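In this chain, residues are counted from 1 in sequence order. Treat the numbers as computed from the prediction; the structure is a model and nothing was measured.
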Amino acid sequence: MRVFQSIDELRHTLDALRRQGRTVGLVPTMGYLHDGHMELVSRARAENDIVVVSIFVNPLQFGPAEDLSKYPRDLERDATMLRQAGVNFLFSPGVGDMYPRPMLAVVDVPDLGRELEGAVRPGHFAGVATVVCKLFNIVQPQTAYFGEKDYQQVVIIKRMVDDLAVPVRVISVPTVRDSDGLALSSRNVYLSEAERRAAVIVPQTLDEAERLVAGGLADPAELEAKLTAFLSREPLAKPEVVAVRDASTLQPVTSIAEPVVVALFVRVGSTRLLDNRVVGDNRVAGGDRVIGGRGLPGKGVTR
């Protein structure tokens, strides 16, 4: 595995490989890798000749009171994991490499980025869209891989790709969970032992959502209220977002007649945990689904 910090050096190397007809897959990350990231890597390796993993803790997507300075970092550990997984190139730029001067150009999808997580993290998704667009321009992959745990992020990136005609096929990969159902996340390391035990209320709430919808509950407002009450059983859990939205557009719905995504943003102690599940969709357990777009051949975001 070769490690790059320079944008120009990585571009030069990838340009030569593309001229040989090699396909390139990109897995963008902020590092402190776990099995969820490695699942993305596995998918990318199966579908591409060359796999590039980026590790960059992007300051543009952190608010002034958020955890940028303490976000977990261990580049040596991450590089060892990626090398063992057969990754070809690790791109690990510094902030000065990615943003040598203050960014004046910003990519934003405001109608989607202000919703859900964006409502409690203003500007977050503009930072995400900007850095992902820049990574796409640097690496120029044919495909890029994202985890479904960050469902809203996938929807926003898919819309950005469609609107700007970016020639990248965005693939989402199902959430990888711990044995008790908690979605794997780099931020889980922040949880104390008591908070980690309490955090299981988040996937349990998604189980409850699935049970209620399967039982015939069709009023989204009632479902949100029941799920908020269910979360309140755990005193360490403080829900910030409990929302039922259209699974493709993230728009509010008046009835659960089509598949909806149940989106949770829950603070456990000082740690924000993000999770979601699509319910009311018989295809979820056994087949593919389209997230956030038309699902055109070769461009859809598929599970």
Cut-off 3.5 Å, no hydrogens considered: what does the side-chain donor-acceptor table look like for residues 17-26, sequence neighbours left out?
{"residue": "Arg18", "atom": "NH1", "partner": "Val139", "partner atom": "O", "Å": "2.7"}
{"residue": "Arg18", "atom": "NH1", "partner": "Gln140", "partner atom": "O", "Å": "3.2"}
{"residue": "Arg18", "atom": "NH2", "partner": "Asp15", "partner atom": "OD1", "Å": "2.8"}
{"residue": "Thr23", "atom": "OG1", "partner": "Asp49", "partner atom": "N", "Å": "2.9"}
{"residue": "Thr23", "atom": "OG1", "partner": "Asp49", "partner atom": "OD2", "Å": "3.3"}

Side chain to side chain, [X] and [Y], heavy atoms closer than 4.5 Å:
| X | Y | answer |
| --- | --- | --- |
| Phe89 | Ile50 | yes |
| Arg197 | Leu236 | no |
| Pro72 | Tyr190 | yes |
| Met30 | Ser186 | no |
| Asp207 | Arg277 | yes |

Using the rule that Ile, Leu, Val, Met, Phe, Trp and Tyr join whenever any side-chain heavy atoms are under 4.5 Å apart, tell me whether [X] and [Y] fall into a single cluster.
| X | Y | answer |
| --- | --- | --- |
| Val200 | Val266 | no |
| Val106 | Leu135 | no |
| Leu60 | Ile7 | yes |
| Val95 | Val131 | yes |
| Val132 | Leu68 | no |

With rounding to the nearest 0.5 angstrom, report the [atom1] to [atom2] distance, [X] to [Y].
| X | Y | atom1 | atom2 | answer |
| --- | --- | --- | --- | --- |
| His124 | Leu116 | NE2 | CG | 11.5 Å |
| Leu206 | Leu264 | CG | CG | 4.5 Å |
| Leu112 | Gln152 | CG | CD | 7.5 Å |
| Leu274 | Ser185 | CG | OG | 8.0 Å |

Q. Hey, mind stepping through Val161 and Phe136 against side-chain contact (heavy atoms from CB on, under 4.5 Å) and telling me if it holds?
A. CA-CA 10 Å; Val161 163; Phe136 285 175; 3.8 Å; yes

With sequence neighbours excluded, residues passing side-chain hydrogen bond (donor to acceptor under 3.5 Å, both in side chains) with [X]:
| X | value |
| --- | --- |
| Asn58 | Gln61, Tyr99 |
| Thr143 | Asn48, Tyr145 |
| Arg211 | Glu208 |

Contact list for [range], test salt bridge (Lys or Arg N to Asp or Glu O under 4.0 Å), sequence neighbours left out:
| range | answer |
| --- | --- |
| residues 103-121 | Glu66-Arg121, Asp111-Arg114, Glu115-Arg245, Glu117-Arg121 |
| residues 83-103 | none |
| residues 176-193 | Asp67-Arg187, Arg177-Asp275, Asp178-Arg196, Asp180-Arg196 |

Do the side chain of [X] and the main chain of [Y] share a donor and acceptor less than 3.5 angstrom apart?
| X | Y | answer |
| --- | --- | --- |
| Asp150 | Gln153 | no |
| Asn88 | Arg45 | no |
| Ser92 | Gln5 | no |
| Asn276 | Lys149 | yes |

For [X] and [Y], which heavy atoms make the closest approach, and how far apart are they?
| X | Y | result |
| --- | --- | --- |
| Thr130 | Ala105 | CG2-O, 4.1 Å |
| Gly181 | Pro203 | O-CB, 3.3 Å |
| Leu223 | Ala209 | CD1-CA, 4.2 Å |
| Val268 | Leu191 | O-CD2, 3.9 Å |

(Q) With side-chain contact (heavy atoms from CB on, under 4.5 Å) as the criterion, how do Val128 and Ile156 come out once you've worked through the C-alpha distance, each side chain's angles and the decisive distance to 0.1 Å? (A) CA-CA 9 Å; Val128 170; Ile156 288 170; 6.0 Å; no

Q. Does atom CD of Gln251 have more than 12 heavy-atom neighbours from other groups under 6.0 Å away?
A. yes

Q) For Asp163, what residues pass the salt bridge (charged side-chain N to carboxylate O under 4.0 Å, His left out) criterion, not counting sequence neighbours? A) Arg159

Q. Can you list the residues that meet the salt bridge (charged side-chain N to carboxylate O under 4.0 Å, His left out) rule with Glu240, with sequence neighbours excluded?
A.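 Residues passing salt bridge (charged side-chain N to carboxylate O under 4.0 Å, His left out) with Glu240: Arg267, Arg272.
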
Q: Supply the members, apart from Leu184, of the Ile/Leu/Val/Met/Phe/Trp/Tyr cluster built from side-chain contacts under 4.5 Å; use none for a lone residue.
A: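 When side chains under 4.5 Å apart are linked, the cluster holding Leu184 also contains Val176.
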
Q. Should Arg73 and Asp78 be marked as a salt bridge (Lys or Arg N to Asp or Glu O under 4.0 Å) after you check the CA-CA gap, both sets of side-chain angles, and the distance that decides it?
A. CA-CA 9 Å; Arg73 297 165 170 86; Asp78 291 346; over 6 Å; no

Q) Going through the checks in order, is the side-chain contact (heavy atoms from CB on, under 4.5 Å) test met by Phe62 and Ser69? A) CA-CA 10 Å; Phe62 288 80; Ser69 63; over 6 Å; no

Q: Begin with the C-alpha distance, continue with both residues' side-chain angles, and end with the deciding distance and a verdict on side-chain contact (heavy atoms from CB on, under 4.5 Å) for Gln204 and Glu234.
A: CA-CA 11 Å; Gln204 288 174 349; Glu234 173 48 66; over 6 Å; no

(Q) For residues 213-226, which residue pairs pass the side chain to side chain donor-acceptor pair (under 3.5 Å) check, not counting sequence neighbours? (A) none

Would you tabulate the side-chain donor-acceptor contacts of residues 31-42 under 3.5 Å, counting partners in other chains and residues two or more places apart, or write 'none'?
{"residue": "His34", "atom": "ND1", "partner": "Gly36", "partner atom": "N", "Å": "2.9"}
{"residue": "His37", "atom": "ND1", "partner": "His34", "partner atom": "N", "Å": "3.1"}

